[in-house]
Amino acid sequence: MRWTETLIPTLKETPAEAEIVSHKLLLRAGLIRKLTGGLYTFLPLGLRALRKVEQIVREEMNRAGALEVLMPALQPPDIWQQSGRYEAARDVLFKVRDRAKKEWVLGPTHEEVITSLVAGEISSYRQMPKNFYQIQTKFRDEIRPRFGLMRAKEFVMKDAYSFDATDEGAQASYRKMYDAYARIFQRCGLKAIPVEADTGVMGGKFSHEFMVPAETGENEVVFCEGCGYAANVEKASSKWSAPSPPQAPSGAVERFPTPGVATIEDLARPPYGVPASRQIKTLVFLVESKPVLVLLRGDDQLNEAKLAGVLGTITFRAAESEEIHAALGAHPGSLGAVGVTQYPVYADERLRDTAGMTTGANADGYHLRNVALGRDIAVTRFADLRLVRAGEPCPHCGQPLKVQRAIEVGHVFKLGTKYSEALNALFLDETGKQQPAVMGCYGIGVTRTLQAIIEQSHDDFGIIWPMSVAPYTVCVTPLSVVPGSDVLRRAEEIYAALSAQQVDVILDDRNERPGVKFKDSELVGFPIRVAIGEKSLAKGEVEIKPRAGALLSVKADEAVARVLELIRQAA
RNA sequence: CGGAGCGUAGCUCAGCCUGGCUAGAGCACUUGGUUUGGGACCAAGACGUCGCAGGUUCAAAUCCUGUCGCUCCGACCA
């Protein structure tokens with residue numbers, strides 16, 4: 001491709017809308033343009049890079065035995081009602097109506113569609129295992145799209161769904177995808193680490209997210225340098241997540257006035273001086289408009305994902321002040337669970353068998369001291385509900401845990417039979433018994449992966465594309481484009497020879513000064529630049545500049561061979 | 001959904017507080033010239049319903065109201 005024949009609108013200045021470096025570079029290097037919030041056009045260069053990521057994904061999925069299909073993005077709502085997600089996912093579902101006013105949904109994911117398909121086509125254990133995947137545009141009504149392609153209303157996703165006759169088979173399918181994902185991100189030149197992930201309301205322990213460490217990531221990963229433990233903060237636990245040593249109750253519960261005290265911190269200060277670790281924090285949530293109490297140690301924070309797992313639903317919300325008053329007769333700041341039997345009470349494991357605690361009295365301006373968990377509070381269930389923080393001891397080896405922000409680029413999940421049961425994906429096993437297929441689902445955010453690559457691989461001058469996903473591998477840069485000049489003739493020869501070798505090469509044939517061409521090639525981030533200028537050509541040489549390496553002066557006749565060698569080395 | 005900030009040329013922004021004469025700069029773009037190994041220079045030129053609607057006023061980019069859009073923060077921490 002000749003530069004003058006394509007469109008690469010590079011920008012010297014950063015558009016005001018971009019906040020993080022990868023978003024700025026996507027715009028500045030002329031890879032994407034915004035149509036409106038959360039919706040982007042891929043320009044020729046951006047699309048080439050996207051297609052390369054897609055191709056790596058496709059090759060590795062095929063290698064792992066998955067079958068490519070293409071499902072409709074437009075879906076009937078009834079299958080969503082059957083799976084129960086029409087309600088559960090209503091916040092992210094885009095809905096449209098046709099001329100007959102019938103409603104449709106734009107697919108945010110495809111469990112319902114693929115399971116309906118399999119329900120009709122697979123009826124014997126002999127037809128399994130099967131794994132279907134597609135690379136397709138997904139639609140999600142995100143609360144707040146941001147950071148360019150990172151969180152968009154519309155994005156390209158690779159989604160795969162495995163169907164097995166047995167649980168062991170499903171685990172093997174899961175493992176295959178896990179391994180394929182590791183290969184995919186490695187081939188994209190991306191450092192992505194698999195971490196244990198929250199399984200939410202599905203339960204089970206088979207879920208990993210592939211995370212790219214980045215300060216700008218929207219997720220937090222907890223990891224241990226000692227034993228390699230790594231988990232999403234929503235899932236992570238520490239040695240502190242276990243029950244404390246039992247404490248004997250000492251003395252009766254005592255009510256005392258605390259006028260004006262509304263927070264844990266207020267109670268920790270004189271004249272009360274109750275350390276946060278000796279307080280019980282009482283939170284009130286509404287599940288289907290019924291109150292639920294959640295108890296934590298005063299110095300701990302709630303992990304909502306863990307609460308969702310315990311409640312078995314994600315449709316709950318924090319109660320508002322007046323709702324709390326209606327339920328407990330007191331306002332936030334004076335809440336407690338002593339004597340509460342009319343509502344379920346979930347307490348963090350760390351509170352189990354603690355005594356001598358202080359908590360609100362359910363009367364504004366009063367607290368209770370000498371509270372013992374087992375004795376004074378009727379706990380429905382103890383569970384790990386707390387958020388792990390940096391420095392806490394690793395649950396496996398005890399070393400201090402670290403916390404790092406990261407971008408989630410992939411997720412593998414063993415689903416079980418939730419969807420196969422709901423949508424009748426049943427088969428007959430060896431004994432002729434009807435069973436639901438055991439499913440797994442596996443996603444890669446392709447557009448997000450592309451941006452994560454830039455977020456991880458850039459410098460002050462621009463993008464540093466890994467060879468495998470660069471929109472063009474080589475940029476041939478004649479420093480003069482005077483027709484008939486030796487410089488241009490050499491450049492054309494090198495360009496033609498590399499093209500003949502199937503190298504993705506672009507010829508910067510613009511009539512621009514050398515500085516402009518150099519800056520642009522570095523901004524766009526081509527892995528290899530071959531500069532042909534009068535000065536070096538007078539010595540019979542051209543210059544090969546790997547984007548991330550040192551400049552090489554080579555004989556002009558050897559330039560093509562040397563470039564091919566560099567490409568081979570990187571492969 | 002709550003809070004904050006911003007909407008002026010393709011891009012980055014000034015002007016607004018304190019209303020006034022023909023709405024500006026840099027970059028990008030067009031033409032001509034000089035340049036040509038790290039984002040050149042000179043000259044001429046083209047490009048704007050100042051987001052939109054309404055109001056106040058002799059007069060609105062500027063003040064007021066509404067509305068739309070964009071960006072950021074938050075959306076349990078009692």
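Every chain is numbered from 1 and lettered A, B, ... according to where its sequence line falls, protein lines coming before strand lines. Hydrogens, waters and symmetry mates play no part in the numbers below; they use all other heavy atoms, side chains included.
- With no hydrogens or angles considered, a side-chain donor-acceptor pair links Ser22(A) and Glu455(A) at under 3.5 Å.
- Here, A23(B) and C68(B) have their C1' atoms 24 Å apart, quoted to the whole Å.
- There is a side-chain donor-acceptor pair under 3.5 Å between Thr4(A) and Asp509(A).
- Rounded to the nearest Å, the gap between the C1' atom of U8(B) and that of C16(B) is 11 Å.
- Residues Phe518(A) and Gly37(A) each lie close to RNA chain B; by heavy-atom proximity, the contact nearer the 5' end of the strand is made by Phe518(A).
- Distance check, rounded to the nearest 0.5 Å: OG1 of Thr6(A) to CG of Leu43(A) gives 9.0 Å.
- Base pairing annotation: A46(B) forms no Watson-Crick or G-U wobble pair, as no partner gives both donor-acceptor distances under 3.5 Å.
- Comparing the same atom, P, in U57(B) and in U62(B) gives a spacing of 16 Å after rounding to whole Å.
- The partner of C58(B) is G20(B), judged by Watson-Crick or G-U wobble contacts that both fall below 3.5 Å.
- Counting atom types as modelled, Arg28(A) pairs a side-chain N or O with a base atom of G39(B) as donor and acceptor under 3.5 Å.
- Side-chain contact of His367(A) with Thr258(A): a donor-acceptor pair under 3.5 Å is present, judged by distance alone.
- Along RNA chain B, the nucleotide nearest to Thr14(A) and the one nearest to Phe461(A) differ in position, and the one closer to the 5' end is contacted by Thr14(A).
- No side-chain donor from either of Asp384(A) and Ser237(A) sits under 3.5 Å from a side-chain acceptor of the other.
- Taking side-chain N and O atoms only, Lys12(A) has a distance below 4.0 Å to OP1 or OP2 of A28(B).
- Under the Watson-Crick or G-U wobble criterion, with both distances below 3.5 Å, U71(B) is paired with A4(B).
- Between C29(B) and U12(B), the distance separating the two C1' atoms is 16 Å to the nearest Å.
- The separation between Arg297(A) atom CZ and C77(B) atom P is 20 Å, rounded to whole Å.
- For G38(B), the base has a donor-acceptor partner in the side chain of Glu522(A) [N/O atoms by modelled type, under 3.5 angstrom].
- When the C1' atom is used for both A4(B) and G10(B), the distance is 29 Å, rounded to whole Å.
- For the C1' atom pair drawn from A40(B) and G5(B), the interatomic distance equals 38 Å after rounding to whole Å.
- Distances shown here put a side-chain N or O of Arg144(A) below 4.0 Å from the OP1 or OP2 atom of C73(B).
- Judged by distance alone with a 3.5 Å cut-off, no donor-acceptor contact links the side chain of Thr36(A) to the base of G69(B).
- Leu295(A) places its CG atom 18 Å from the P atom of C76(B), with the value rounded to the nearest Å.
- One atom, CD1 of Ile143(A), and another, C1' of C70(B), lie 18 Å apart when rounded to the nearest Å.
- Applying the 4.0 Å criterion to OP1 and OP2 of C41(B), one finds that Arg513(A) has every side-chain N and O outside that range.
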